[in-house]
Amino acid sequence: MLKTISCGELGPEQVGETVTLAGWVHRRRNHGALIFIDLRDRQGVAQVVFNPETAPQAHETAGLFRGEWVVQIQGRVELRPEGTENPNIPTGAIEVVATGASVLNESRTPPFYVNEESEVDELVRLQYRYVDLRRVNMRDTLILRHRVVKFIRDFLDERGFLEIETPILIKSTPEGARDYLVPSRLYPGQFYALPQSPQQLKQLLMVSGVEKYFQIARCFRDEDPRGDRQPEHTQLDLEMSFVEEDDVLALIEELYSDLVEAVMPHKRVPKPFPRMTYEESMRRFATDKPDLRFGMEMADLSDLASQTEFRVFQGAVSGGGVVKGFSAPGCASYTRRQVDELIDFAKSRGAMGLITISLNGEPGPISDLTMDQVRSAAARFLTLEQVQEIANSTGAGVGDMILIVAGPAKSTNIALSALRNEMGARLELTDPDELSLAFVVDFPLFEYNDDEERWDAMHHAFTSPKEGYHQYIESDPGRVIAHCYDLVGNGVELGSGSIRIHDRALQERVFKVLGYTADDVQERFGQLLTAFEYGAPPHGGMAPGIDRLMMVLTGRDNIRDVIAFPKTQSAVDPLFGAPGPVEQSQLDELHLAVVGVEDPASGDPASE
Ligand code: ASP
């Protein structure tokens, strides 16, 4: 080894030892004749002092050092002189007094500072990812991710799970998104697909008798880019035989609470994880991913609203929509400008508008409220009794502001839950050290797709309907509740799973409702259906996302910050310049021609 110890490992225990260090020049300072170098490696930073009197050669070499040069240093570990210790860094009690120094490699001036967490354009960070990953935050994230995955592996190994790799080149296994296709050279005109998830493979492993399977699996989905989506993401893919819903949830609860305790002991994870049905979650929080760190629950005001003189309310209800709202504590004093910001926010989340009702004045019972205390664009269309009723339904008191959205149920819920999260953030209602994990259960099996006028699977086609609902599969699909569950963390969906269908006839009924023809079913799912005829055990599982978990653990809102080499938001890899054109000879070998693109290179997103 070119070093005897890591910079970050140094401490008072090494005082008096002679060490060899190797790493990057993090910072350089001259103090009169002395040169101070902060030397960095993956473990941390150590201060090295070069004295021209005692080590003239090393001092001269250090005079050449520049930021990010790779250097090797010999020296003696000493306690820093009293008064010069740095309690802010772990190695702050000691320094290395250099006796020798050499340059292992020079560096060009880096495109941005490694030694400070300044804002840097993300494209530049991704282009120079190898420099970006040297920064403390990114390094810590890589280390944490390793610990998370290692913990998961050890935990599941101890409980008898087998880690099994499944192929990356498979056949198209539709799971709601578009496939990435890989042309076959040996079979011109034929394609492999990259797995959207190993769903069918893990079910086949259950038929194989594996009983407990997991994999840290890469999943590929060719979707239009969205905020926290990546073309490829990583899941903890997990499947178990002979289990019921409670068994899977109990395992996940233990895994996640033990995991957080092990890797982030300062975080608080309330246990047991609350469980609520999809119906309850939608009713109370207008979303199936509720952030349970704060209240501000929803009230359905539709009945009440339809009796008011307010056209907006009446129109929403008579048009088959809803009027819902919640109370934001202490916000009656919001200024016109703050309210306008919230209206714009609601509109940007798909609401037609936002009605606010501020209840001004000294705290007191709602029954004593007078109309003078009510500030709202809708005030003149509402009676005092109606305002009081709205206040009581939303739990608002004097001093609070009620936020109300009226319109079609789906868009109203989306806007209201976004508003609730926004108010939670504005009012700083969340404790950064609390990780609130919850299960949402009893999802509907099917969801009607208005645009395509057909039923879609709410989770996926392999999810089993709950007992007692089988008779509605064809006659009233919307009524069927599934053995399906989500894990939600701080308002983010961390993963979904279900108890699966393991019976060919039942699976065929579900496929039929989803609009697959018998030929489609045979072509796409034939292998699974046939396997079901050879002794398929009851089974179920889950697939929590690792990237999302990392985001919640580190409090980041950019998924790219928790992945070593991510794609940009427009699915481009600026480091390698992918996607990019390929040689004509490669296309020829694959019997492929690029058509309809004038100059393939000009459409190369990475060359922009
Ligand atoms: N395969 C599913 C998904 O990727 C998860 C599961 O049901 O286990 O969402």
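First listed ligand is number 1; within each ligand, the first listed atom is number 1. Only a predicted model underlies this, so the values are computations on that prediction, with no experimental measurement involved.
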Undergrad: Looking at Glu434 and Lys267, is any side-chain nitrogen of the basic one under 4.0 Å from a carboxylate oxygen of the acidic one?
TA: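 Looking at Glu434 together with Lys267, the answer is no, because their closest N to O distance does not fall below 4.0 Å.
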Undergrad: Side chain or backbone, does Lys202 bring an N or O within less than 3.5 Å of an N or O on ligand 1?
TA: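 Such a contact does occur with ligand 1.
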Undergrad: Are Arg500 and ligand 1 in contact, using a heavy-atom cut-off of under 4.0 Å?
TA: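 Within the 4.0 Å threshold, so yes.
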Undergrad: Any idea which part of Ser197 is under 4.0 Å from ligand 1, heavy-atom wise: side chain, backbone, both or neither?
TA: side chain
Undergrad: Counting from 1, what ligand 1 atoms have a heavy atom of Met542 closer than 4.0 Å?
TA: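 Here the atoms of ligand 1 in question are 8 (O).
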Undergrad: Output yes when Asp140 and Arg42 qualify as a salt bridge under the 4.0 Å nitrogen-oxygen rule, no when they do not.
TA: no
Undergrad: With atoms numbered from 1 as shown, which atoms in ligand 1 lie under 4.0 angstrom from a non-hydrogen atom of Arg221?
TA: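 So the atoms of ligand 1 that pass are 3 (C), 4 (O).
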Undergrad: Could you tell me whether Arg454 and Glu452 make a salt bridge, using a distance below 4.0 angstrom between a side-chain N and a carboxylate O?
TA: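 Counted as a salt bridge, because a side-chain N and a carboxylate O are separated by less than 4.0 Å.
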Undergrad: Please list, in number order, the atoms of ligand 1 under 4.0 Å from a heavy atom of Ala543.
TA: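 Those qualifying, in numeric order: 5 (C), 8 (O).
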Undergrad: Look only at interatomic distance and state if His459 has a nitrogen or oxygen under 3.5 Å from any nitrogen or oxygen of ligand 1.
TA: yes
Undergrad: Between the candidates His460, Gln199, Gln235, which shows the shortest non-hydrogen contact distance to atom 4 (O) of ligand 1?
TA: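 The residue whose heavy atom sits nearest atom 4 (O) of ligand 1 is Gln235.
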Undergrad: Which atom names give the shortest non-hydrogen contact between His459 and Cys484, and what distance separates them?
TA: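 Answer, listing the atom of His459 first, then Cys484: CB-SG, 3.5 Å.
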Undergrad: Parallel, tilted or perpendicular for Phe273 and Phe439, by the 30°/60° rule?
TA: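 Aromatic pair Phe273/Phe439 classed tilted.
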Undergrad: Can you confirm, on distance only, whether ligand 1 has an N/O atom lying under 3.5 Å from any N/O atom belonging to Ser498?
TA: no
Undergrad: Find the distance between CE (Met282) and CG (Asn413) and round it off to the nearest 0.5 Å.
TA: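 Reported to 0.5 Å precision, the distance equals 4.0 Å.
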Undergrad: For ligand 1, which part of His233 has a heavy atom less than 4.0 Å away: the side chain, the backbone, both, or neither?
TA: neither
Undergrad: Answer yes or no: are there more than 12 heavy-atom neighbours, outside Tyr180 itself, under 6.0 Å from its atom OH?
TA: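 Yes, because the 6.0 Å sphere around OH of Tyr180 holds more than 12 heavy atoms from other groups.
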